[in-house]
J.: 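Take this structure first; my questions come after.
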Amino acid sequence: MLQNRPPIVVILGHVDHGKTSLLDYLRKTSVVSREAGGITQHISSFQHKFQIHNSIFEVTFIDTPGHAAFSNIRSRGSKIADIAILVVAAGDGVMPQTKESIQFIKETGIPFIVALTKSDLDSTSPDRVKTQLTEVDVVVEDYGGTVPCVAVSSKTGAGISELLEMIDLVNSMNPAQADPDAPLEVVVLESSLDPKKGPLATVIVRSGTLSVGQSLFQKELVGKARSLIDSDGVQIKSALPSTTVEIIGLSVVPEVGSLISVTPILTSHPEAHRRIQASLDSSLPV
């Protein structure tokens, strides 16, 4: 049965426009605060709870590298997300990777919010930036369009509460849902080979529940979930939809953007596998 889950929010934008600083501030804003460590030191995705109007709101954030070499990660990341935040520095305006991010957003069709970062600096020119955005067919609300726009500062915290409220509002219009009892489906966000731990994969659960001890498959067995580490570096026994975890116990390093399941879905359900994988790949540049 479908149940509401935390929305997955992807952060997109030009390099050096403040994506990482914004995520760092959001981590500090969480109502659940732990010492920095574990997985958050080397991955750019986390799930936290925030307080909005005396209620708790949980969000999963995915950062995406700005360098052109990571275009595939950005496009696949935007495919699995429910909402995008387009980060644009209020002083620098629209840049080449801003345009790339806008293209990815439009191709995926997900709702998005413009965050004008570094709004505390004297060099800011929000009206100029909003005008530049109209030139690339992004018309913000105060210019007569439909795209929400929030000025934020990761240094002072200005606008952060408004940004979280806007995420909550956008999600309320079409709540993110998934079935925790459905067949497991996770997407690989990052992967690496650790000299001590072996193959590692940071994944996000799209449906079903990922549990310690499960055998995991792609075309064939890729290992067993010997240990699951959440975004605060804490070992957990299971991960529900929208949760990001690091899997320890794999026998191979899976490709970023690929699917992992509890059954060899390529051989037992080839059509389903091709359909799901095509949905991830549809926005990849040729």
Side-chain angles (χ1 to χ4, degrees), residues 2-13 18-34 36 38-40 43-64 73-74 76-87 101 104-105 108 110-117 147-154 157-178 180 186-187 189-190 202-207 209-210 229-234 236 238-246:
L2 289 176
Q3 300 177 14
N4 288 346
R5 59 171 174 78
I8 301 170
V9 178
V10 64
I11 312 294
L12 301 168
K19 292 187 288 129
T20 302
S21 297
L22 175 59
L23 283 166
D24 287 344
Y25 196 94
L26 288 167
R27 283 190 179 100
K28 292 189 297 182
T29 307
S30 170
V31 297
V32 179
S33 180
R34 293 182 177 139
I39 199 169
T40 55
I43 75 162
S44 300
S45 178
F46 65 98
Q47 185 180 80
H48 275 330
K49 294 181 175 70
F50 303 92
Q51 185 169 334
I52 301 177
H53 301 309
N54 298 320
S55 63
I56 300 301
F57 179 53
E58 194 166 17
V59 185
T60 299
F61 288 98
I62 301 176
D63 185 17
T64 54
I73 298 176
R74 292 210 310 279
R76 293 184 184 213
S78 61
K79 262 299 182 185
I80 63 173
D82 305 296
I83 301 169
I85 294 179
L86 177 65
V87 168
S101 298
F104 290 142
I105 290 169
T108 59
I110 61 175
F112 70 105
I113 303 163
V114 173
L116 295 181
T117 55
V147 180
C149 181
V150 182
V152 300
S153 168
S154 300
I160 299 298
S161 295
E162 290 80 0
L163 180 61
L164 290 170
E165 289 176 5
M166 188 58 66
I167 293 171
D168 188 22
L169 176 61
V170 172
N171 181 65
S172 68
M173 296 177 181
N174 186 21
Q177 295 185 319
V186 303
V187 179
L189 296 178
E190 295 181 333
T202 299
V203 303
I204 190 162
V205 181
R206 295 219 309 186
S207 65
T209 300
L210 174 63
I229 312 296
D230 73 6
S231 58
D232 291 304
V234 176
I236 59 176
S238 61
L240 294 170
S242 295
T243 304
T244 301
V245 294
E246 183 179 74

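None of the values given here were measured: they were computed from a predicted structure.
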J.: Quick one: CG on L163 to CD1 on I85, what's the gap to the nearest 0.5 Å?
T.: 4.5 Å
J.: Return yes if some donor-acceptor pair links the side-chain N/O of D230 with the main-chain N/O of V234 below 3.5 Å, else return no.
T.: yes
J.: Please say which of T60, L210, T243, V245 ends up in a side chain to side chain contact (heavy atoms under 4.5 Å, CB included) with I204.
T.: T60
J.: Taking 4.0 angstrom as the limit, do D232 and R27 come out as a salt bridge?
T.: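 No, this pair does not count.
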J.: Are the side chains of I80 and V10 in contact, using a 4.5 Å heavy-atom criterion?
T.: no
J.: Using the salt bridge (Lys or Arg N to Asp or Glu O under 4.0 Å) criterion, which residues pair with D168? Sequence neighbours excluded.
T.: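 Not a single residue meets the salt bridge (Lys or Arg N to Asp or Glu O under 4.0 Å) criterion with D168.
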J.: State yes or no: are the ring centers of F61 and F46 separated by less than 6.0 Å?
T.: yes
J.: Please name the pair of heavy atoms, one in S101 and one in G13, separated by the smallest distance, quoted to 0.1 Å.
T.: OG-N, 3.3 Å
J.: First locate atom CG of L23, then atom NE2 of H48, and finally report the distance between them rounded to the nearest 0.5 Å.
T.: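 Rounded to the nearest 0.5 Å, the CG-NE2 separation comes out at 10.0 Å.
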J.: I need the minimum non-hydrogen distance between P7 and N171, along with the two atoms involved.
T.: CB-OD1, 3.5 Å
J.: To the nearest 0.5 Å, what is the distance between CG (L12) and NZ (K19)?
T.: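 These two atoms lie 7.5 Å from each other.
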J.: Do L22 and V87 come within less than 4.5 Å of each other through their side chains, counting heavy atoms only?
T.: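 Counting from C-beta outward, L22 and V87 do come under 4.5 Å.
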J.: Please tell me if the side chains of L169 and E165 come closer than 4.5 Å, counting only heavy atoms from C-beta onward.
T.: no
J.: Quick check: do L116 and C149 have side-chain heavy atoms less than 4.5 Å from each other?
T.: yes
J.: Mind running side chain to side chain contact (heavy atoms under 4.5 Å, CB included) on I8 and I62 for me, showing each step along the way?
T.: CA-CA 7 Å; I8 301 170; I62 301 176; 3.5 Å; yes
J.: With side chain to side chain contact (heavy atoms under 4.5 Å, CB included) as the test, would you mind laying out the steps for F57 and L164 before giving the verdict?
T.: CA-CA 9 Å; F57 179 53; L164 290 170; 5.6 Å; no
J.: Nearest 0.5 Å, what's the CG-CD1 distance between L86 and I113?
T.: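 Going from CG on L86 over to CD1 on I113, the span is 10.5 Å.
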J.: Are the side chain of Q47 and the backbone N or O of S242 linked by a donor-acceptor pair below 3.5 Å?
T.: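 Yes; at least one donor-acceptor contact below 3.5 Å.
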J.: Would you name the heavy atoms of P241 and P6 that are closest together and state the gap between them?
T.: O-CD, 4.1 Å
J.: Between F112 and P148, which heavy-atom pair has the shortest distance, and what is it?
T.: O-CD, 3.5 Å
J.: CE of M166 to CD1 of I52: how many Å apart, nearest 0.5 Å?
T.: 11.0 Å
J.: Just how far is it from atom CG of L240 to atom OG of S207, taken to the nearest 0.5 Å?
T.: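 OG of S207 is found 11.5 Å from CG of L240.
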J.: Can you check salt bridge (charged side-chain N to carboxylate O under 4.0 Å, His left out) on R5 and D82, steps first, answer last?
T.: CA-CA 11 Å; R5 59 171 174 78; D82 305 296; 2.8 Å; yes
J.: Would you mind reporting whether L189 and T244 have side-chain heavy atoms less than 4.5 Å apart?
T.: yes
J.: Mark yes or no for whether T209, through its side chain, and P180, through its backbone, hold a donor-acceptor pair below 3.5 Å.
T.: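 Side chain of T209 to backbone of P180: a pair is present.
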J.: G159 and V150: which non-hydrogen atoms are nearest, and at how many Å?
T.: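 Taking every non-hydrogen atom into account, O-CG1, 3.6 Å.
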J.: For F50 and L26, work out which heavy atoms get closest and say how close.
T.: CE2-O, 3.2 Å
